[in-house]
Peer 1: 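Would you mind keeping the following structure in view while I ask a few things?
Counting starts at 1 for both ligands and their atoms, in listed order. Starting from 1, each residue takes its place in the sequence as its number.
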Amino acid sequence: MTTTTDQLPLLLEEIEVVAVERLSPSFVRVVFGSSALADLGVDGPLYDQRIKLVFPNATGRLPSMEGADESWFESWLDIPEEERGAMRTYTVRALRGTGVDTRLVVDLVLHGEGDESGPGGDWAAHAEVGQRVITIAPRRGVPFGGIEFAPGTAKRLLLVGDETAVPAVAAVLEGLPPTARGAVFLEVPVAGDVLPLDGPSGVDVHWLPRDGAPRGAAIHAAVLEHLGEEPVVPVVDEIDPDLWETPTYSSSGEDVDTAVRAVGHEFDDLYAWIAGESSMVTGLRRAMVRDLGIDRHQVAFMGYWRLGVAMRS
Ligand SMILES: Cc1cc2nc3c(=O)[nH]c(=O)nc-3n(C[C@H](O)[C@H](O)[C@H](O)COP(=O)(O)OP(=O)(O)OC[C@H]3O[C@@H](n4cnc5c(N)ncnc54)[C@H](O)[C@@H]3O)c2cc1C
């Protein structure tokens with residue numbers, strides 16, 4: 001056991017793979033167990049709850065986080081790069097069971113090989129029962145953050161994501177009340193990645209397999225069409241790799257509170273949640289906020305990853 005302490009307000013624990021299921025060509029479901037997961041949980045629906053996973057280093061070892069305190073992230077960064085493994089962000093797809101039998105379910109995207117892949121994708125491609133990772137995850141009863149889905153009183157929902165956001169959208173749909181209304185657009189690599197989703201009957205789910213077409217093009221057009229606009233091709237020259245804009249936070253440093261709130265606008269009853277590759281998210285941000293004038297307080301735009309760029313943590 002290389003972790004940790006029950007003094008931390010979050011879980012920082014080594015966990016073990018107890019099941020691996022290949023869901024489709026691009027998704028592998030990994031189920032983790034550990035007696036420490038008895039304390040894992042959030043108050044209320046999971047929605048898009050994010051967690052961190054630390055994958056083993058090149059020698060197959062996990063770093064020791066023994067005695068970690070609230071500076072756990074800095075302590076991890078202080079470990080020599082070749083020893084500390086790789087930290088990446090994932091979504092809690094589901095929690096199963098209770099107490100020491102609690103299981104954490106994570107759906108990981110398999111992407112590329114060699115230069116196009118990364119530690120997370122590589123680990124997922126070879127995941128086996130008995131392997132261990134470290135998770136940083138919410139401790140039940142303690143505020144952790146990491147849930148961005150916050151529709152407030154919106155009457156219609158728009159959820160948009162690429163394959164990396166499918167686990168989050170699936171968990172959000174499961175957490176919605178049966179009266180919820182809206183539309184979901186999910187872009188996935190191939191038709192075989194269309195997965196069964198449970199959600200309210202008033203939320204229509206549209207799957208958009210790329211099947212070799214350029215990333216982001218079909219989903220941009222489909223979302224604009226859904227909003228009653230011409231399905232134009234997005235022109236995205238500058239991309240913010242850290243794009244993260246929610247009604248309460250802006251990665252650009254914009255003063256969120258002073259942003260104008262739309263009143264009497266045709267989209268006033270909408271809440272949109274958009275996550276995936278940063279250029280797709282940037283294109284939709286421009287179309288929706290700049291061109292259609294949708295109030296940014298009604299939209300969460302989240303760059304989950306950036307093509308060609310390895311995540312830092
Ligand atoms: C809040 C949040 C929640 C997330 N939830 C999930 C989740 O539940 N499941 C999941 O699989 N991912 C999820 N992601 C995305 C995941 O963190 C990134 O895809 C991450 O880059 C994967 O790490 P890696 O080590 O495989 O690749 P990296 O080392 O980060 O990157 C190596 C190379 O692979 C490319 N790459 C990375 N991801 C992809 C991809 N998906 N498709 C194609 N190329 C890629 C990069 O552009 C780079 O060229 C989430 C991200 C965030 C921010």
Side-chain angles (χ1 to χ4, degrees), residues 20-32 42 46-58 81 84-95 104-127 133 135-138 144-150 159-174 186-190 193 195 197 209-210 212 214-216 219 239-246 249 251 273-281 300-313:
V20 179
E21 184 188 355
R22 184 71 178 257
L23 296 178
S24 73
S26 310
F27 290 105
V28 63
R29 171 162 295 170
V30 179
V31 183
F32 296 96
V42 296
L46 283 166
Y47 289 144
D48 53 340
Q49 177 70 62
R50 62 178 176 264
I51 54 168
K52 301 278 184 192
L53 296 180
V54 179
F55 299 106
N57 62 30
E81 206 171 339
R84 69 175 176 241
M87 189 183 297
R88 296 289 184 270
T89 308
Y90 289 88
T91 304
V92 179
R93 173 61 188 86
L95 294 180
L104 164 65
V105 182
V106 182
D107 290 351
L108 298 97
V109 176
L110 302 166
H111 63 89
E113 282 178 44
D115 289 350
E116 286 175 25
S117 194
D122 287 345
W123 185 89
H126 303 104
V133 301
T135 191
I136 294 100
F144 176 80
I147 294 179
E148 303 295 355
F149 180 77
L159 297 166
V160 182
D162 70 5
E163 56 270 36
T164 61
V166 167
V169 170
V172 166
L173 284 174
E174 287 172 7
L186 291 171
E187 186 182 282
V188 285
V190 293
D193 292 318
L195 303 174
L197 298 181
R210 280 192 296 281
R215 193 174 268 290
I219 204 162
I239 297 150
D240 175 358
D242 298 318
L243 176 64
W244 200 273
E245 286 200 6
T246 69
Y249 174 82
S251 58
W273 179 105
I274 297 162
E277 202 281 326
S278 291
S279 55
M280 179 274 277
V281 179
F301 297 100
M302 292 151 297
Y304 269 19
W305 64 285
R306 173 78 184 100
L307 194 62
V309 179
M311 290 292 111
R312 289 183 296 258
S313 62

Peer 1: Would you tell me which option among Tyr90, Tyr304, Trp305, Phe55 has the nearest heavy-atom contact to atom 7 (C) of ligand 1?
Peer 2: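 The option holding the nearest heavy atom is Tyr90.
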Peer 1: Between Trp244 and ligand 1, find which residue part has any heavy-atom pair under 4.0 Å and reply side chain, backbone, both or neither.
Peer 2: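 Under 4.0 Å from ligand 1, Trp244 contributes side-chain atoms alone.
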Peer 1: Say you draw a straight line from CG of Asp48 to CZ of Arg93; how long is it, rounded to the nearest 0.5 Å?
Peer 2: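 Taking CG in Asp48 and CZ in Arg93, the distance rounds to 12.5 Å.
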Peer 1: Which protein heavy atom lies closest to atom 6 (C) of ligand 1, and at what distance to 0.1 Å?
Peer 2: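 Sorting protein heavy atoms by distance from atom 6 (C) of ligand 1 puts Thr164 O, 3.4 Å first.
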Peer 1: Do NZ/NE/NH1/NH2 and the carboxylate oxygens of Arg312 and Asp242 come within less than 4.0 Å?
Peer 2: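 Asp242 and Arg312: salt-bridged.
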Peer 1: Minimum distance, heavy atoms only, to atom 40 (C) of ligand 1: which one of His111, Glu148, Arg306 is it?
Peer 2: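 Result: the heavy atom closest to atom 40 (C) of ligand 1 is in His111.
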Peer 1: Is there a side-chain contact between Val169 and Trp273 (heavy atoms, below 4.5 Å)?
Peer 2: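 Val169 reaches Trp273 side chain to side chain.
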Peer 1: Starting from atom 31 (O) of ligand 1, locate the nearest protein heavy atom and write down its residue, its atom name and how far away it is, to 0.1 Å.
Peer 2: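 Minimum-distance protein heavy atom for atom 31 (O) of ligand 1 reads Ala310 CA, 3.4 Å.
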Peer 1: Would you mind checking which non-hydrogen protein atom is closest to atom 27 (O) of ligand 1, with the distance to 0.1 Å?
Peer 2: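 Going by distance alone, atom 27 (O) of ligand 1 is nearest to Gly118 CA, 3.6 Å.
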Peer 1: Do the side chains of Val42 and Phe144 get nearer than 4.5 Å, heavy atoms only?
Peer 2: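 The answer is no; the side chains never approach within 4.5 Å.
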Peer 1: So which of Arg93, Glu116, Arg88, Arg215 gets nearest to atom 28 (P) of ligand 1, if we judge by its closest heavy atom?
Peer 2: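 The residue whose heavy atom sits nearest atom 28 (P) of ligand 1 is Arg88.
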Peer 1: Heavy-atom distance to atom 14 (N) of ligand 1: which of Val92, Leu53, Thr89 wins?
Peer 2: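 Nearest option to atom 14 (N) of ligand 1, by heavy atoms: Thr89.
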Peer 1: Is the contact between Asp107 and ligand 1 made by the side chain, the backbone, both, or neither, using heavy atoms and a 4.0 Å cut-off?
Peer 2: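 The answer is the backbone of Asp107.
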Peer 1: Looking at Ser26, Pro209, Pro25, which one forms a side chain to side chain contact (heavy atoms under 4.5 Å, CB included) with Pro189?
Peer 2: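 When side chain to side chain contact (heavy atoms under 4.5 Å, CB included) is applied between Pro189 and each of Ser26, Pro209, Pro25, only Ser26 qualifies.
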Peer 1: Report the relative orientation of the aromatic rings in His111 and Trp305; use parallel for angles under 30°, tilted for 30 to 60°, perpendicular for over 60°.
Peer 2: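 Geometry flag for Trp305 against His111: parallel rings.
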Peer 1: Just to be sure I read this right, does ligand 1 sit under 4.0 Å from the backbone of Pro167, its side chain, both, or neither, counting only heavy atoms?
Peer 2: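 It is the side chain that gets close, since no backbone atom is under 4.0 Å.
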Peer 1: How about Ile136 and Met87: do any of their side-chain heavy atoms sit closer than 4.5 Å?
Peer 2: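 With C-beta onward as the side chain, the pair touches.
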Peer 1: Determine, using heavy atoms of Ala86 and all atoms of ligand 1, whether some pair is separated by less than 4.0 Å.
Peer 2: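 No, Ala86 has no heavy atom closer than 4.0 Å to ligand 1.
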Peer 1: Say whether Gly112 and ligand 1 are in contact under the criterion: heavy-atom distance to a ligand atom below 4.0 Å.
Peer 2: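 Contact check Gly112 vs ligand 1: negative.
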Peer 1: Give me the residue, atom name and distance of the protein heavy atom closest to atom 30 (O) of ligand 1.
Peer 2: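 Ranked first by proximity to atom 30 (O) of ligand 1 is Met311 N, 2.8 Å.
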